[in-house]
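To start, the structure under review is shown below, and the notes come after it.
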Amino acid sequence: MQQNLKLSEQRGVTGNHFFDLASCTTRLWLSNKRIDVGMDNKHIQIGIYIDEKTKPRLRKRLTIQGLCSIDYVEYSGHLEVHEIKKGKTPSKPHYLQLLFYLQIMFEITGTEPVGFLHLPQTKKKIEIKRDPEKVYMAYSEILSVIGGECPKPVMIPICSGCRYMEMCWA
Ligand code: SF4
């Protein structure tokens, strides 16, 4: 994948694609087809609740349609990109989504951002640096998955909390 392609100039591959790639390729494929089985899944609701309760009050979500929806950004001598996540330990999907956001903000602003992953359940705040190589590799993998047949589901621990549980395993 050529790094002279600006990811901020494409539309269609979003932060959710990066999250799903690192979670489950079946979910990535289904979600990309906009197959929506609703937001009443309790894990999704808990995530939304934690996000809203812990985000600093005056901070607004930064959304660029078809590209990203960042919990909030701050500037204190340098650009900071903040994501608030459910869970006690950081996971690969958390990292990959934030790396994508860092790449987008770097391309748009021309300055080097720093990422922070917040895990309110354990009061952890983890600093993350931009890693374009990882992001471009993941972008290439995403295109390959969504351009192919739906990957066969594989039972993994997150299936029990996945909105596609019934679709994959009923
Ligand atoms: S139920 Fe499991 S296999 Fe199916 S999309 Fe969700 S995580 Fe993937």
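Everything numeric in this text was worked out from a predicted model, so none of it was measured. The residues of the chain are indexed from 1 along the displayed sequence. Note that ligands are numbered from 1 as they come in the structure, with each ligand's atoms numbered from 1 the same way.
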Go through the steps for Glu80 and His78 under the test side-chain contact (heavy atoms from CB on, under 4.5 Å), then give the verdict.
CA-CA 6 Å; Glu80 295 181 356; His78 58 267; 3.5 Å; yes

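- Remark: ligand 1 atoms within the under-4.0 Å shell around heavy atoms of Met165 are 1 (S).
- One of the N, O or S atoms belonging to Cys159 lies under 2.8 Å away from atom 2 (Fe) of ligand 1.
- The side-chain tip of Arg27 does not point at the ring of Tyr164 from less than 6.0 angstrom away and within 45° of straight on.
- Residues Ile126 and Leu119 are in side-chain contact: their nearest non-hydrogen atoms beyond the backbone lie under 4.5 Å apart.
- Between atom 8 (Fe) of ligand 1 and Cys24 there is an N/O/S contact shorter than 2.8 Å.
- Residue Val154 holds the heavy atom nearest to atom 3 (S) of ligand 1 of all those in Ile156, Ile158, Val154.
- For the residue pair Trp169 and Val154, the shortest heavy atom distance occurs at CZ2-C, 3.6 Å.
- Here the side chains of Gln10 and Leu67 are in contact, with some heavy-atom distance below 4.5 Å.
- Among the candidates His82, Arg61, Lys85, His118, the single residue satisfying the side-chain hydrogen bond (donor to acceptor under 3.5 Å, both in side chains) test with Asp71 is Arg61.
- In the vicinity of Arg27, heavy-atom distances shorter than 4.0 Å reach the ligand 1 atoms 5 (S).
- Look at Cys162 and atom 4 (Fe) of ligand 1: no N/O/S atom of the residue is under 2.8 Å from the metal.
- Looking at atom 4 (Fe) of ligand 1, its nearest protein heavy atom turns out to be Cys168 SG, 2.4 Å.
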